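For reference, the structure is listed below as structure tokens.
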Amino acid sequence: MEVKQGAQAIAHSVKKCKPDVCSMYPITPSTELPEEIAQLVADGELDATIIRVESEFSAISGCVGASAAGSRAYTATSSQGLALMTEVLFAASGMRLPIVINVVNRALSAPINIWNDQQDSISQRDNGWLQIYCESNQEAVDTTIQSFKIAEDEDVLLPIMCCTDGYILSHTYEPVELPDEEEVQEFLPEYDPDHAYLDPENPMTQGPFAYPKPYAALRKDLSDAVNGSKEIVKRVHDEFAEKFGRSYGNGLIEEYKNDKDTALVSMGSICGTIKSTLDNRNDAGLMRIRCYRPFPEEEIKKALEGKDQVIVLEKNVSMGHGSGALYNEIKSILPRSTTVHDIVVGLGGTDIAEEDINNMIDSLSNKENGVKRWLLEKGGKLQKNRGEK
Amino acid sequence: MEDDLFASGHRACAGCGSALALRHLTKAAGKNSVFTIATGCMEVVSTQYPTTAWGVPLIHTTFENAASVAAGIKEALNQQGKEDTNVIALAGDGGMVDIGFRALSGSLERGHDVLYVCYDNGAYMNTGVQKSGATPFGASTTTTPAGKQSHGKSEWQKNVPFIALMHGVNYVATASIADLDDFKKKVKKALEVEGPKYIHVHCPCPIGWGFDTSETIDQGRKAVESGAWVLYEIEDGNFSISYKPSERIPVKDYLSGQKRFKHLDEDDVETIQDHVDRNWEELKKLEGLDLDLLKLL
Ligand SMILES: Cc1ncc(C[n+]2csc(CCOP(=O)(O)OP(=O)(O)O)c2C)c(N)n1
Ligand SMILES: [Mg+2]
């Protein structure tokens with residue numbers, strides 16, 4: 001065990017994965033990643049080429065070039081940086097390039113705000129990238145390694161975001177176990193693609209122009225691939241658990257005291273607070289979503305089967321719904337007999353305390369109809385959407 | 001045709017100057033090359049899934065990132081020990097000098113061993129002839145249309161070869177499809193230079209400029225003979241004009257063959273002639289001074 005700052009710990013995890021090309025641009029709160037990786041290269045501890053690009057647009061574009069040329073490509077970003085990458089993110093998944101991004105989650109402008117919520121990566125949920133959300137720094141370290149293996153699996157070949165909450169995890173010192181480098185090498189074979197690489201001996205064209213019929217078919221292929229990757233996310237998680245002795249639920253979701261009539265549903269570091277709250281009561285459990293893309297529909301349905309009340313806590317807003325994106329997805333797969341509530345929490349770094357979670361469970365768990373609420377500050381009153389009676 | 005690496009059968013319009021440039025660019029670069037191309041006419045006409053006109057590896061990603069994708073490719077190939085493979089970033093004038101300008105500037109500054117080629121057909125042709133930063137003064141485009149209150153585009157082109165140079169680039173050249181030997185020679189020379197290099201090739205477009213498809217080379221030649229397009233090289237900061245017409249033809253002879261300029265009045269033509277004369281004289285002075293422009297950095 002070593003006590004390390006979250007971002008530093010993740011950087012050391014990246015190092016053990018031996019990326020060939022790191023194409024990076026700083027933004028708070030993921031800045032420590034390009035800095036730490038630059039230091040590792042400067043000290044001769046990591047033999048990677050760093051491209052110190054002039055923007056996140058080029059950071060991800062450099063990853064596309066490197067990945068398409070057959071190398072292991074990596075970057076890290078947050079918030080505005082991820083938003084700036086958007087166009088290329090779609091292209092990267094469309095070309096089936098297994099790039100890994102550590103997303104250090106942060107709020108999006110306006111107003112500009114550097115603190116944590118998950119609006120940045122949730123807003124990228126439809127772009128064909130896999131997304132895993134971590135609860136702790138240890139999980140971030142482990143999931144970074146798993147991410148390369150999942151992405152590069154020949155039944156996946158998709159890019160992936162390993163998401164960790166900004167500041168709450170990235171800047172917090174926690175004891176972490178850094179896996180042994182040789183063991184990581186055994187776990188993660190070299191990337192040696194045969195589906196896409198830019199080789200003059202075997203010329204191929206990538207990223208072509210397609211008319212409607214082949215376009216539609218290729219998009220469905222992509223969707224099938226994203227859905228199909230669920231099994232590999234699970235398998236890689238299990239293999240990791242076997243080798244390194246740490247696991248996170250079943251790799252897709254994690255259930256905690258989930259044998260009550262009420263279940264809370266959430267993602268990321270807030271689940272730690274939820275768990276300790278639940279330790280002091282016996283009327284509610286938690287289902288944490290770890291793998292958000294692909295969406296583990298069957299597993300979620302099973303975990304929430306027969307619940308009276310489901311309370312979704314999420315750090316994002318799907319504007320126009322008066323709620324978060326996750327709520328809409330959860331609601332769409334549950335039977336009408338389950339009442340689903342949504343609480344938008346933690347926007348722009350607002351704190352949430354155990355007392356808030358207790359208050360939510362107390363005030364919502366006997367409501368007949370689902371409600372949408374907002375917690376705008378620690379200890380605050382739950383707010384309704386304007387116009388709701 | 002056998003050794004064409006940009007093969008016929010693509011869907012470029014008859015008389016497309018840009019397609020001609022690509023055919024000769026790929027030929028000059030040779031098989032041991034990897035290309036990345038920005039969105040634009042050339043990408044769209046040459047990569048219709050599941051076919052491709054390309055006999056060399058090609059990747060297209062977006063409109064504005066050819067230069068940074070090229071950087072990623074180059075660094076990855078270097079890591080793999082394939083330093084000898086040429087990496088070439090291709091973009092139209094829009095993809096290079098407008099929306100892709102940030103990526104170009106960043107990549108040039110970082111010094112990747114990449115050849116950047118802008119095929120300049122003077123507007124956003126793929127989307128229907130909208131103005132770009134490389135559209136010449138006075139040209140009527142769909143976003144700078146001539147009309148009662150307008151004589152077409154009211155700004156001069158931005159000088160991207162010189163801007164590229166000022167990143168500390170050791171080889172910068174302009175070229176034209178009217179002189180393919182000169183173009184190919186420059187491509188080969190550029191690829192011998194280590195580090196970033198930039199070539200800007202003038203490619204007349206019959207549809208966008210409004211001339212007969214049989215006149216492409218002729219239009220390109222008139223641009224060069226009038227001095228509206230000057231062929232030059234800047235090697236290690238040393239400027240030299242590649243071709244000096246014995247007597248420059250009036251720019252009017254170049255403008256009058258194209259619909260995009262047909263609204264220009266005498267005054268407009270004179271303004272353009274003055275500009276071309278001035279540019280020509282200044283470039284000649286620059287050549288005579290035997291300066292190392294890179295010392296300005
Ligand atoms: C971000 C973005 N904005 C706009 C477009 C639409 N678009 C595609 S190609 C193009 C113009 C291309 O112009 P240029 O680079 O000069 O190449 P040409 O088509 O003239 O060969 C435009 C505007 C796009 N594909 N992406
Ligand atoms: Mg153009």
Side-chain angles (χ1 to χ4, degrees), chain A residues 19-23 25 47-73 75 84-92 94-95 97 99 191-192 196-211 213-215 217-218, chain B residues 5 11 29-37 39 43-80 82 84-87 89 99-100 102-110 112 114 126:
Chain A
D20 301 303
V21 176
C22 303
S23 178
Y25 197 80
D47 176 25
T49 300
I50 301 183
I51 310 181
R52 295 164 180 88
V53 284
E54 78 300 328
S55 66
E56 288 87 353
F57 201 93
S58 287
I60 188 64
S61 300
C63 287
V64 164
S67 184
S71 288
R72 183 171 285 163
T75 192
L84 183 58
M85 291 179 179
T86 302
E87 190 189 1
V88 189
L89 296 175
F90 277 80
M95 287 192 271
L97 300 174
I99 299 162
Y191 178 51
D192 185 19
Y197 53 91
L198 297 163
D199 175 11
E201 300 282 310
N202 182 8
M204 57 172 95
T205 292
Q206 297 183 45
F209 173 83
Y211 273 101
K213 224 169 115 179
Y215 178 85
L218 287 165
Chain B
L5 298 171
R11 297 175 169 233
K31 270 188 178 314
N32 191 18
S33 305
V34 172
F35 284 76
T36 176
I37 192 168
T39 312
E43 177 266 327
V44 169
V45 301
S46 67
T47 70
Q48 191 191 315
Y49 183 85
T51 67
T52 181
W54 294 79
V56 276
L58 172 81
I59 181 169
H60 157 256
T61 313
T62 70
F63 187 16
E64 58 274 51
N65 68 351
S68 28
V69 171
I73 295 169
K74 186 71 209 182
E75 296 314 320
L77 292 179
N78 283 352
Q79 271 266 342
Q80 295 167 18
K82 298 177 189 158
D84 293 344
T85 302
N86 302 316
V87 175
I99 203 165
R102 171 174 72 199
L104 174 67
S105 176
S107 283
L108 289 174
E109 187 250 343
R110 292 189 301 272
H112 305 285
V114 167
N126 184 51

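A, B, ... follow the sequence lines: proteins, then strands. Residue 1 opens every chain. Fair warning: this is a prediction, and the values are worked out from it, not measured in the lab.
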Using heavy-atom distances under 4.5 Å, tell me whether [X] contacts chain B through its side chain, its backbone, both, or neither.
X: A:Leu218; value: side chain
X: A:Val53; value: both
X: A:Thr49; value: both
X: A:Tyr211; value: side chain

Item to check | Heavy atoms from other residues, nucleotides or ligands near CZ of A:Phe90 exceed 12 (cutoff 6.0 Å) | outcome: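 Buried by this count: over 12 neighbours within 6.0 Å.
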Next on the checklist: For the CZ atom on B:Arg11, are there more than 12 heavy atoms of other groups (residues, nucleotides or ligands in this structure) within a distance under 6.0 Å?
Outcome noted: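 No, not enclosed.
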Please state whether the side chain, the backbone, both or neither of [X] comes within less than 4.5 Å of a heavy atom of chain A.
X: B:Thr36; value: neither
X: B:Val44; value: both
X: B:Arg102; value: both

Item to check | Best-contacting candidate, B:His112, B:Glu64, B:Lys31, against chain A by heavy atom pairs under 4.5 angstrom | outcome: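 With the most close heavy-atom pairs to chain A, the winner is B:Glu64.
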Next on the checklist: Would you compute the distance between atom CG of A:Asp47 and atom CD of B:Gln79 and round it to the nearest 0.5 angstrom?
Outcome noted: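 Rounded to the nearest 0.5 Å, the CG-CD separation comes to 5.0 Å.
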Item to check | Point-to-point distance, once rounded to the nearest 0.5 Å, from CE of A:Met204 to OG1 of B:Thr52 | outcome: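 If we round to the nearest 0.5 Å, A:Met204:CE and B:Thr52:OG1 are 11.5 Å apart.
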Next on the checklist: When you measure from the side chain of B:Gln80 to the backbone of A:Ala69, do you find a donor-acceptor pair of N or O atoms at a distance under 3.5 Å?
Outcome noted: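 Side chain of B:Gln80 to backbone of A:Ala69, a donor-acceptor pair under 3.5 Å: yes, one is there.
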Checklist entry - Between the side chain of B:Thr47 and the main-chain N/O of A:Phe209, is any donor-acceptor distance below 3.5 Å? => result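 Checking the backbone N and O of A:Phe209 against the side chain of B:Thr47, a donor-acceptor pair under 3.5 Å is found.
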Determine the minimum heavy-atom distance between [X] and [Y], stating which atoms define it.
X: A:Ser71; Y: B:Ala76; result: OG-CB, 3.3 Å
X: A:Ser58; Y: B:Ser68; result: OG-OG, 3.0 Å
X: B:His60; Y: A:Met95; result: O-CE, 3.6 Å

